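Below is one structure, written out as structure tokens; the observations come after it.
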Amino acid sequence: MAKIKPRVKVPKSAAAGDIVEIKALISHPMHTGRAKDKKGNKIPRKIINKFVASFEGQDVFTANFEPAVSANPYIAFPFKASKSGAFTFTWVEDGGAEYTASKKMTVA
Amino acid sequence: MKQTTKLSTISRRHALAMLGAAGAAVLTGVPAYADGAAVAAKIKGLTGGKSVGEGAITLDLPEIAENGNAVKVAFSIDSPMTADNYVKAVHVMADGNPTPDVASFNFTPAMGACSASTRMRLAKTQNIVVLAEMNDGSFKQAQATVKVTIGGCGG
């Protein structure tokens, strides 16, 4: 199985008051629990069911994914820059495994 | 391809197709796919039976998706996103997939704007419904149809 690797795009710097776009993607097969492998066995459900973006420890955006979200789930959302700080992104997989990434943004 | 949608009218062909699908489900006793009723029930569950308004939501969906495995779904909602007037949550549903849920999003005023973009799987041509919940407890919805050439549910 391909390695599960998060990728995030956050602007390095922004002007105060600007609304910036944050893009996050994680490589993940998002098994729906409906597909079958080559031998005809069902592949059990395993998806990223939750994505949380927090800024300086405070949750700002959460997404709950269902099996209908594509493999390698991608999410883009806005954020209003007000101060410099660090984002933490967390992806939660079925079964409780977590993958995280963090990025800093400087606000001038 | 931006579509600003009102409640889209269901074509005669579409209505017949839906009837056919419902009939087949009754015959075999296995509802293979969700349908408009499942989405309506879902919305009722989320809103608690409150009336749902229109407008303020802009959907960005393709009219035709060649590959149902990754269909872009994006929306933006007119909202000042201040502490006392913001969009709390948005639910994306599809009425032709095995289950109606696609994804839901929780917003906070810190975001400054309300929009999101992701990619979803669509098993066949179907309607996408976006339901937005405001912080004052009111609801808004928008709907659009996406034609799917190749379904995206594997197996």
Side-chain angles (χ1 to χ4, degrees), chain A residues 9 14 16-26 28-45 47-83 85 87, chain B residues 32-34 39 42 60 65 67-77 79-83 86-124 126 128 146 151-155:
Chain A
K9 222 171 191 175
D18 271 6
I19 291 175
V20 298
E21 189 180 38
I22 293 164
K23 295 172 182 170
L25 185 134
I26 188 164
H28 192 280
M30 296 289 275
H31 293 304
T32 60
R34 288 175 183 272
K36 288 176 182 151
D37 63 15
K38 281 179 186 146
K39 288 177 188 150
N41 303 317
K42 267 202 173 179
I43 302 168
R45 175 182 145 150
I47 65 166
I48 296 287
N49 58 48
K50 198 172 186 185
F51 167 77
V52 180
S54 65
F55 183 71
E56 292 292 294
Q58 193 167 6
D59 289 358
V60 290
F61 176 73
T62 322
N64 297 298
F65 295 139
E66 300 292 334
V69 171
S70 300
N72 307 328
Y74 161 83
I75 178 86
F77 57 94
F79 183 76
K80 191 174 185 180
S82 56
K83 56 175 182 176
F87 287 97
Chain B
Y33 293 106
V39 169
K42 188 87 205 164
D60 183 5
N67 180 354
N69 269 314
V71 183
K72 182 190 176 185
V73 50
F75 58 84
S76 63
I77 301 174
S79 165
M81 294 303 275
T82 57
Y86 67 97
V87 180
K88 214 165 96 182
V90 172
H91 306 271
V92 180
M93 289 159 276
D95 68 3
N97 273 354
T99 49
D101 296 304
V102 174
S104 61
F105 308 97
N106 297 312
F107 293 89
T108 58
M111 296 174 74
C114 181
S115 69
S117 169
T118 186
R119 297 183 193 126
M120 64 184 167
R121 294 174 168 133
L122 294 178
K124 56 177 184 173
Q126 55 188 291
I128 312 304
V146 178
C153 273

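Below, all heavy atoms of this structure are taken into account, side chains as well, without hydrogens, waters or symmetry copies. Owing to the predicted nature of the structure, the values given are computational and were not obtained by experimental measurement.
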*Heavy-atom distance under 4.5 Å to chain B: side chain of Ala71(A), backbone, both or neither?*
both

*With sequence neighbours excluded, give me every salt bridge (Lys or Arg N to Asp or Glu O under 4.0 Å) pair touching residues 69-80 of chain A.*
none

*asked:* For residues 103-117 of chain B, which residue pairs pass the side chain to side chain donor-acceptor pair (under 3.5 Å) check, not counting sequence neighbours?
replied: Asn64(A)-Ser104(B)

*Considering only heavy atoms, give the residues of residues 53-63 of chain A separated from chain B by less than 4.5 Å, sorted numerically, with 'none' for an empty result.*
Asp59(A), Val60(A), Phe61(A), Thr62(A), Ala63(A)

*What part of Val73(B) is in contact with chain A, defined as an atom under 4.5 angstrom from a non-hydrogen atom: side chain, backbone, both or neither?*
neither

_Between Ile43(A) and chain B, with a heavy-atom cut-off of 4.5 Å, which part of the residue counts as in contact: side chain, backbone, both or neither?_
neither

_Partner set under side chain to side chain donor-acceptor pair (under 3.5 Å) for Lys72(B), not counting sequence neighbours_ = Asp60(B)

*Identify the heavy atoms of Ser70(A) and Ala70(B) that sit nearest to each other, and give their distance.*
OG-CA, 3.2 Å

_Counting only non-hydrogen atoms closer than 4.5 Å, does Ile75(A) touch chain B with its backbone (N, CA, C, O), its side chain (CB onward), both, or neither?_
both

*Determine, step by step, whether Ile22(A) and Met111(B) satisfy the side-chain contact (heavy atoms from CB on, under 4.5 Å) criterion, reporting the C-alpha distance in whole Å, the side-chain angles of both residues, the deciding distance to 0.1 Å, and the verdict.*
CA-CA 10 Å; Ile22(A) 293 164; Met111(B) 296 174 74; over 6 Å; no

*asked:* To check you understand the geometry: which heavy-atom pair defines the closest contact between Asn72(A) and Arg119(B), and what is its length?
replied: O-NH1, 4.4 Å

_Between Arg121(B) (side chain only) and Val69(A) (backbone N and O only), is there a donor and an acceptor less than 3.5 Å apart?_
yes

_So which atom in Asn97(B) and which in Ala68(A) form the shortest heavy-atom distance, rounded to 0.1 Å?_
ND2-CB, 3.7 Å

_Minimum-distance pair of heavy atoms, taken over all atoms of Ala113(B) and Ile19(A)_ = CB-CD1, 3.9 Å

